[in-house]
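Note that ligands are numbered from 1 as they come in the structure, with each ligand's atoms numbered from 1 the same way. Reckoned from all heavy atoms, side chains included, excluding hydrogens, waters and symmetry mates.
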Amino acid sequence: MDFAEQRKKLVERMVASGILKSKQIIDAFLKVKREAFFTEDMKNYSYVDSAFPIGYGQTISQPSTIAVMLELLEPKKGQKILEVGAGSGYVLALLSEIVGKEGKVIGIERIPQLANRAKHTLAKLGYKNIEIVLGDGAKGYAKEAPFDRIIVSAACSEVPQALIDQLANNGRLVAPVGTRFMQQMQVITKNSKGKLKSFFANGYFVFVPLISEE
Ligand code: SAH
């Protein structure tokens, strides 16, 4: 099976299992070549629904986990979105497809080699509305704040306050929150007046940790 066919099959399975629901998210998964974010030796695993090593002790997130997060995040066309923990850049590419040309996606990554590789991969694929920033994502990215959506792609014991502060009114944030070996998705929303609400979605996940001095 070639990659295009494997991609379609993986998406069909996620739709059939009820994880993937929204058209804009399904379309993004159908479009983005996950194999482009794998190192050469790992490419054959590109459409296995699992996390895989991308070097430096980090992993590319599992597709069905990303699907759960994106469904909770409710990203829309034209939005400005921040991802903390850009890693391979795969989630940024999915978000870029969803926000489109009028939107903007910013990814923060603390490991320089990964930030550089993600930059290179995304440029090669032709993405123009994605910016990769090297730094500590727990501090957010004040320069581009506020954000309509914030997605945290590494495990934290609680959502860093800076991220909540940098969430726009009517914004939504999704983060895996819990202990080192088990997290649940926390969704934080800000209404039009800036009032916060929060809930934990069903299901448990294991992410690599958010490493921060904060
Ligand atoms: N969405 C990525 C997931 C990468 S794993 C993908 O699909 O490829 C999580 C990433 O978060 C790792 O690359 C790790 O280096 C990064 N990370 C951990 N703590 C961070 C922090 N404080 N700031 C920015 N990036 C961080």
Side-chain angles (χ1 to χ4, degrees), residues 7 10 14 25 28-29 31-39 42-43 45-73 75 81-98 105-122 124-125 127 130-145 147 149-164 166 173-178 180-181 183 185 205-214:
R7 187 178 319 123
L10 174 62
M14 292 196 287
I25 303 174
F29 270 105
K31 186 110 187 261
V32 178
K33 297 180 165 70
R34 192 171 185 242
E35 66 271 22
F37 300 86
F38 274 60
T39 52
M42 301 293 292
K43 281 203 195 292
Y45 298 100
S46 300
Y47 292 98
V48 178
D49 187 20
S50 176
F52 285 99
I54 52 173
Y56 312 96
Q58 307 306 318
T59 53
I60 182 170
S61 305
Q62 179 170 353
S64 55
T65 300
I66 300 170
V68 166
M69 292 185 91
L70 294 185
E71 291 289 352
L72 290 169
L73 190 68
I81 305 187
L82 177 73
E83 186 193 19
V84 175
S88 68
Y90 178 57
V91 170
L92 292 171
L94 293 168
L95 290 171
S96 163
E97 296 288 349
I98 294 166
V105 184
I106 294 140
I108 310 190
E109 174 54 52
R110 62 176 283 274
I111 298 177
Q113 293 90 333
L114 288 178
N116 283 334
R117 194 202 292 156
K119 240 182 239 177
H120 185 80
T121 307
L122 293 164
K124 213 167 123 190
L125 292 171
Y127 288 103
I130 304 175
E131 186 185 337
I132 304 239
V133 179
L134 181 66
D136 181 0
K139 296 175 179 158
Y141 191 53
K143 203 177 143 215
E144 289 276 355
F147 300 96
R149 299 287 185 267
I150 298 176
I151 178 168
V152 182
S153 292
C156 42
S157 54
E158 59 182 333
V159 175
Q161 186 59 42
L163 299 182
I164 298 172
Q166 291 177 22
L173 175 154
V174 178
V177 175
R180 172 71 180 85
F181 296 107
Q183 302 95 42
M185 293 304 170
F205 304 88
V206 186
F207 278 74
V208 295
L210 184 78
I211 297 171
S212 171
E213 51 197 54
E214 295 291 285

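- Looking at Leu82 and Glu144, their side chains never come closer than 4.5 Å, going by heavy atoms from C-beta outward.
- Less than 4.0 angstrom separates some heavy atom of Ser88 from each of these atoms of ligand 1: 6 (C), 7 (O), 8 (O).
- For ligand 1, the atoms lying closer than 4.0 Å to a non-hydrogen atom of Gly135 are 23 (N), 24 (C).
- With ligand atoms numbered from 1 in the order given, ligand 1 contributes 13 (O) to contacts under 4.0 Å with heavy atoms of Leu114.
- With contacts defined as side-chain heavy-atom distances shorter than 4.5 Å, the pair Phe38/Ile60 qualifies.
- Residues meeting the salt bridge (Lys or Arg N to Asp or Glu O under 4.0 Å) test with Glu158, sequence neighbours left out: none.
- Across the listed options Ser212, Ala155, Ala86, Ala86 owns the non-hydrogen atom lying nearest to atom 2 (C) of ligand 1.
- Scanning Arg110, Lys139, Glu83 for the heavy atom closest to atom 17 (N) of ligand 1 points to Arg110.
- By the 4.5 Å heavy-atom criterion applied to side chains, Met185 and Pro176 are counted as neighbours.
- Ring geometry, Tyr90 versus Phe29: the interplanar angle exceeds 60°, so the pair is classed perpendicular (tilted spans 30 to 60°).
- With a 4.0 Å heavy-atom cut-off, ligand 1 is reached by the side chain of Ile111 but not by its N, CA, C or O.
- Contact atoms of ligand 1 toward Pro209: 18 (C), 19 (N) (distance under 4.0 Å to a heavy atom of the residue).
- Judged as a side chain to side chain donor-acceptor pair (under 3.5 Å), and not counting sequence neighbours, Thr59 has no contacts.
- Looking only at side-chain heavy atoms (C-beta outward), Tyr127 and Glu97 come within less than 4.5 Å of each other.
- Atoms CG and CG, on Asn116 and Leu134 in that order, are 7.5 Å from each other to the nearest 0.5 Å.
- Near Ser61, the atoms of ligand 1 lying under 4.0 angstrom from a non-hydrogen atom of the residue are 1 (N), 3 (C), 6 (C), 7 (O).
- Looking only at protein heavy atoms, the nearest one to atom 13 (O) of ligand 1 is Glu109 OE1, 2.8 Å.
- How far NZ of Lys31 is from OG of Ser96: 8.5 Å, rounded to the nearest 0.5 Å.
- Residue contacts with ligand 1 for Ile66 are absent, since no atom lies close enough (heavy atoms, distance under 4.0 Å).
- Closest to atom 23 (N) of ligand 1 by heavy atom, among Gly137, Gly57, Gly140, is Gly137.
- Atoms of ligand 1 lying under 4.0 Å from at least one heavy atom of Asp136, given by number and element, are 21 (C), 22 (N), 23 (N).
- Close approach of ligand 1 to Gly85 is summarised as follows: ligand atoms under 4.0 Å from at least one heavy atom of the residue are 1 (N), 2 (C), 3 (C), 4 (C), 10 (C), 11 (O), 16 (C), 25 (N).
- Annotation: side chain of Phe205 is not in contact with side chain of Met69 (no heavy-atom distance under 4.5 Å).
- The single protein non-hydrogen atom nearest to atom 19 (N) of ligand 1 is Ile211 N, 2.9 Å, given as residue, atom name and distance.
- Of all atoms in ligand 1, listed by their number and element, those nearer than 4.0 Å to a heavy atom of Thr59 are 3 (C), 4 (C), 5 (S), 8 (O).
- When non-hydrogen atoms are compared, ligand 1 lies under 4.0 Å from the side chain of Gln58 (C-beta onward) but not from its backbone.
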